[in-house]
Structures are given as C-alpha cells and as structure tokens.
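Each remark here refers to the structure printed beneath this line.
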2 protein chains.
Amino acid sequence: MLCPGPRPRNAAATRTAILDAARERFAAESYDDVGMRDIARDVGVDAALISRYFGSKDDLFVAALDSCGDGSALMSGEKADFGRRVAHEIVFEPKKAEKLKGMSIMLRSIGSAKAAEMVQSSCTQRFFGPLEDWLSGPDATVRARLLAGFIMGMSVSRELGGGTFNIEPAECEKMRDRLAPILQSLIDG
Amino acid sequence: MLCPGPRPRNAAATRTAILDAARERFAAESYDDVGMRDIARDVGVDAALISRYFGSKDDLFVAALDSCGDGSALMSGEKADFGRRVAHEIVFEPKKAEKLKGMSIMLRSIGSAKAAEMVQSSCTQRFFGPLEDWLSGPDATVRARLLAGFIMGMSVSRELGGGTFNIEPAECEKMRDRLAPILQSLIDG
DNA sequence: GACGCTTGTCAACAGGCGTTGACAAAGCCA
DNA sequence: TGGCTTTGTCAACGCCTGTTGACAAGCGTC
C-alpha cells in the first residue's frame with residue numbers, strides 16, 4: 001500500500017492518511033504498544049510530522065477514536081434479526097463484528113490507565129448512548145449495557161483464545177445458537 | 001503497611017511479598033503500566049532484587065498469574081443460586097466478583113500483545129477448563145465460554161464507565177435482575 | 001574473630017519513547 | 001527569477017524502562 005517515491009505534498013491527504021493508520025493501529029494494538037514511529041512508517045512519513053499535525057500522541061488517540069463514528073453500523077438492519085445476525089458475526093466473522101472500530105480501540109486500551117481515561121468520556125456519548133436510544137422500550141439503559149458488555153466480553157473471550165475461540169466448528173455453531181436468543185431477548189425488551 | 005527500618009533478611013518472605021505486590025499491581029494496571037520500580041516500592045525493596053529473584057518482568061508476570069489459582073472461588077457455592085449470586089456481585093460488589101484475581105490480570109493485559117501471549121497459554125488451563133468441568137452437561141465448552149465472556153464483558157463495561165456502571169441505583173437492581181436468569185440459564189444447561 | 005554465603009542496595013547502562021527545533025525541498029506569487 | 005510559505009525530513013534531546021555488575025551489610029560456621 002506504501003508506494004515508493006517521495007510523498008506528494010498534500011497536507012490534507014497526509015493528515016487523513018495518518019489518522020487512518022492510527023485508527024487501524026490503535027484498533028489492533030494497545031495504546032502503549034503503538035508507537036508514533038510505527039504509525040509514521042505505515043504512512044511513509046516521519047514521526048515528527050505526526051506531532052506537528054496532531055500535537056501529541058494523546059491528541060492523536062482521541063482523534064482516532066472520534067473518527068470511528070458512533071455505533072450505527074451495529075444498529076443497522078432489522079431488529080427482529082439482530083440476535084442471529086450479531087451472534088453469527090461474533091462467532092464466525094469477528095472482523096465484521098467489529099464494524100465499530102471504536103469498540104476494538106476501547107478493548108485494546110481498556111487496560112492502560114491513561115488510554116482508559118480518554119476512552120471513558122467518549123464511550124458513553126458515542127456508544128452506550130446511541131445504543132440506548134436505538135433500543136428504546138423499558139430499561140433501555142440497562143439492556144444497552146448488558147448488550148454492549150456481552151458483545152465486548154465475547155471479543156475478550158476470543159482474544160484469550162489467541163484470536164479464535166479455539167473450539168470445534170460444531171461447537172461454534174452451538175455457541176452461535178445459544179448466543180443469538182440471549183442477545184435477541186435484550187433487543188426485544 | 002510498609003514499616004520503616006531495614007527489611008529483615010528473609011529471602012522467602014521477601015519473595016512472596018514481591019509476588020503478592022506484583023499480583024496486586026498487575027490486577028489493577030496493565031502490563032505496560034506496571035513498572036518494576038513500582039512493585040519494588042510497594043514491597044520496600046530495590047527493583048534490582050526482583051530481577052534477581054524472578055529473572056525478568058515477563059517471568060514475574062507469569063509467576064503472578066500462576067499464583068492466582070484456578071477459578072474455584074467462582075465455582076464455590078450452590079449451582080442453583082449461581083445466577084443471582086454472581087449477578088449481584090458483578091453489579092454491586094465488583095471487588096468480590098473478581099475473586100479470581102487472574103481474571104483481572106487477564107482483562108488488564110489483554111490489550112498488550114506480549115502480555116496477551118503469556119496469558120493465553122494459562123487461560124484455557126486455569127480458567128476455561130475448570131469452569132467447563134464444573135458445568136458438565138451438554139455443550140459445557142460453549143456454555144463455559146459464554147459464561148466467562150459475559151462476566152468479563154460486564155467488567156469491561158464497568159471499566160468503561162470509569163469504575164462504576166454509572167447508572168442509577170434503581171437501574172442497578174434492574175441490571176442484576178436481568179443478568180441473573182441469563183447466567184443461570186447457562187449454568188442449568 | 002575471620003571466613004564465606006546470603007540478602008539487599010546502588011549506580012549505571014543500553015534501548016526505546018514522545019517530542020522539539022533546525023534544516024531542506026517544493027510550490028506559489030509577484 | 002527571487003522571496004515566502006508550506007510540507008516534510010533529520011538529528012538530537014530528555015525521560016523512562018528493564019536489567020546488570022559491583023559493592024555493602026547481615027548472619028551462620030569453623
């Protein structure tokens with residue numbers, strides 16, 4: 001993706017390229033594991049330029065988080081189908097399940113004190129809030145938290161298996177079939 | 001807790017003191033956030049001594065993880081009561097819910113690539129495995145994963161709220177009441 | 001009491017980090 | 001063409017980290 005030759009002089013394009021790379025990195029590695037020089041290398045640029053464009057690593061992190069949009073991707077599609085659809089994605093298509101790059105970033109950095117602090121403020125606003133509104137009905141707040149918690153928890157569980165759930169294919173189907181109605185029950189109210 | 005005067009010369013006691021402090025630190029902060037000097041200060045000892053006793057930071061980390069025991073604390077008590085009991089702990093007594101210090105350590109360090117790698121190996125053996133055996137019955141593997149995922153997910157959700165769920169007390173009760181039957185259904189089979 | 005092993009401290013090292021300021025090159029405008 | 005601003009690079013700084021080897025002090029043993 002990184003083509004040779006000097007990078008064309010285009011501040012706006014470079015800036016968004018940096019932001020894209022940062023979002024990708026922060027979604028794949030923890031705040032501490034991601035280095036400015038890593039991101040710079042991804043873009044094909046000097047690390048110093050990032051500091052000039054975004055100020056500090058912290059500022060870049062929140063910019064990357066803010067650029068993820070809200071959880072609308074998760075909430076697209078039929079409500080009646082949500083349980084099966086999301087359960088399937090969680091078990092069989094983890095990459096797709098993490099449409100919300102922001103969720104990956106949260107998960108990656110929840111351990112780091114500094115990153116967690118930055119995440120917390122935007123989390124309720126960008127994630128819990130929209131989900132709550134979308135759910136509506138009784139106890140929407142609580143149902144949203146449970147839903148988000150379960151989805152993130154399954155991501156953690158997968159991560160602990162080393163990227164996969166590390167179970168038989170047949171077990172995967174059973175997992176999906178057990179997960180689906182639980183999620184759906186939280187959607188339905 | 002750190003009494004003045006020179007530490008009495010007692011290698012065994014010092015070693016376990018270091019291990020205890022490390023377990024506590026790693027359960028409260030991410031692998032990267034915990035420094036050797038932090039742990040050393042907790043114990044009232046020089047950081048160099050830790051290297052001598054445990055080799056490297058990595059070795060200390062796995063030692064701390066290994067010292068957490070298996071998930072037996074989670075599995076004590078009546079099965080018929082599990083849902084309500086654990087749901088209550090998750091919502092109202094997070095510290096108690098994390099009886100399994102190992103779970104906290106996993107959560108804290110799941111983002112860091114290096115720490116995650118160390119965690120993965122012992123996770124199945126020390127956490128998923130015992131839980132699976134305890135559950136027994138049909139699809140025990142899958143149910144164990146779901147159970148563990150949900151519990152950890154609620155921890156993440158709480159963490160994203162900044163240490164609490166950040167919801168009204170009345171909502172907390174509703175959360176508990178919705179969570180309990182879901183957990184219990186996974187116990188019952 | 002003197003030796004020797006153990007236990008602990010101290011200072012320093014190499015390496016990595018985010019960040020900074022000086023410099024080079026590209027494009028624009030007169 | 002000559003200056004000026006923008007865009008990007010480079011080298012270096014200060015800081016922090018885990019780790020090491022040399023040194024000091026305690027304690028049992030001969």
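Each chain gets a letter, A, B and so on, in the order the sequences are listed, and its residues count up from 1.
The residues B/E29 and B/R25 are annotated as salt-bridged, a charged nitrogen and a carboxylate oxygen being separated by less than 4.0 angstrom. B/R41 has a carboxylate O that lies under 4.0 Å from a charged side-chain N of B/D38, or vice versa, which qualifies the two as a salt bridge.
The side chain of B/V45 approaches C/dT9 more closely than any other nucleotide in the set D/dG18, C/dT9, C/dG18. Checking C/dT9, C/dT7, D/dT9 against every side-chain atom of A/L49, the shortest atom distance belongs to D/dT9.
Listed pair A/T14 / D/dG8 meets the phosphate criterion, a side-chain N or O lying under 4.0 Å from OP1 or OP2. The side chain of B/S56 contributes no N or O atom lying less than 4.0 Å from OP1 or OP2 of D/dG18.
Between B/F26 and B/F61, the angle of the ring planes goes over 60°, which puts this pair in the perpendicular group of the 30/60° scheme.
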Under 3.5 Å, side-chain donor or acceptor atoms of residues 117-131 of chain B against the rest of the protein: list the pairs with distances, not counting sequence neighbours.
{"residue": "B/Q120", "atom": "NE2", "partner": "A/E159", "partner atom": "O", "Å": "3.3"}
{"residue": "B/S121", "atom": "OG", "partner": "B/M118", "partner atom": "O", "Å": "3.1"}
{"residue": "B/S122", "atom": "OG", "partner": "B/V119", "partner atom": "O", "Å": "3.4"}
{"residue": "B/R126", "atom": "NH2", "partner": "B/D66", "partner atom": "O", "Å": "3.0"}

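Residues A/S51 and A/D38 each lie close to DNA chain C; by heavy-atom proximity, the contact nearer the 5' end of the strand is made by A/D38.
Residue contacts shown for B/A48 include a base, since a base heavy atom lies under 4.0 Å away. B/F54 comes within 4.0 angstrom of nothing in the nucleic acid, heavy atoms only.
Put simply, the side chain of B/R145 gets close to the backbone of A/F165: a donor and an acceptor are under 3.5 Å apart. Not a single donor-acceptor pair under 3.5 Å links the side chain of A/R23 to the backbone N or O of A/A64.
A side-chain donor-acceptor contact under 3.5 Å links B/D58 and B/Y31.
Computed from coordinates, the A/I39 CD1 to C/dC17 P distance equals 12 Å when rounded to whole Å. For B/R37 and D/dT17, the CZ to P distance is 7 Å, given to the nearest whole Å. Taking atom CG on A/D32 and atom C1' on D/dC15, their separation rounds to 15 Å, with Å as the unit. Summarising the geometry, the separation between NZ on A/K57 and C1' on C/dG16 is reported as 11 Å, rounded to the nearest angstrom. Rounding to whole angstrom units, CZ of residue B/R15 and C1' of C/dT6 are separated by 16 Å. Atom-to-atom, CZ of B/R41 to P of C/dT9 comes out at 14 Å; the value is rounded to the nearest Å.
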Using the 3.5 Å cut-off, write out each protein N or O paired with an N or O of nucleotides 22-26 of chain D and the distance between them.
{"residue": "D/dG26", "atom": "N2", "partner": "B/R9", "partner atom": "NH2", "Å": "3.2"}
{"residue": "D/dG26", "atom": "N3", "partner": "B/R9", "partner atom": "NH2", "Å": "3.2"}

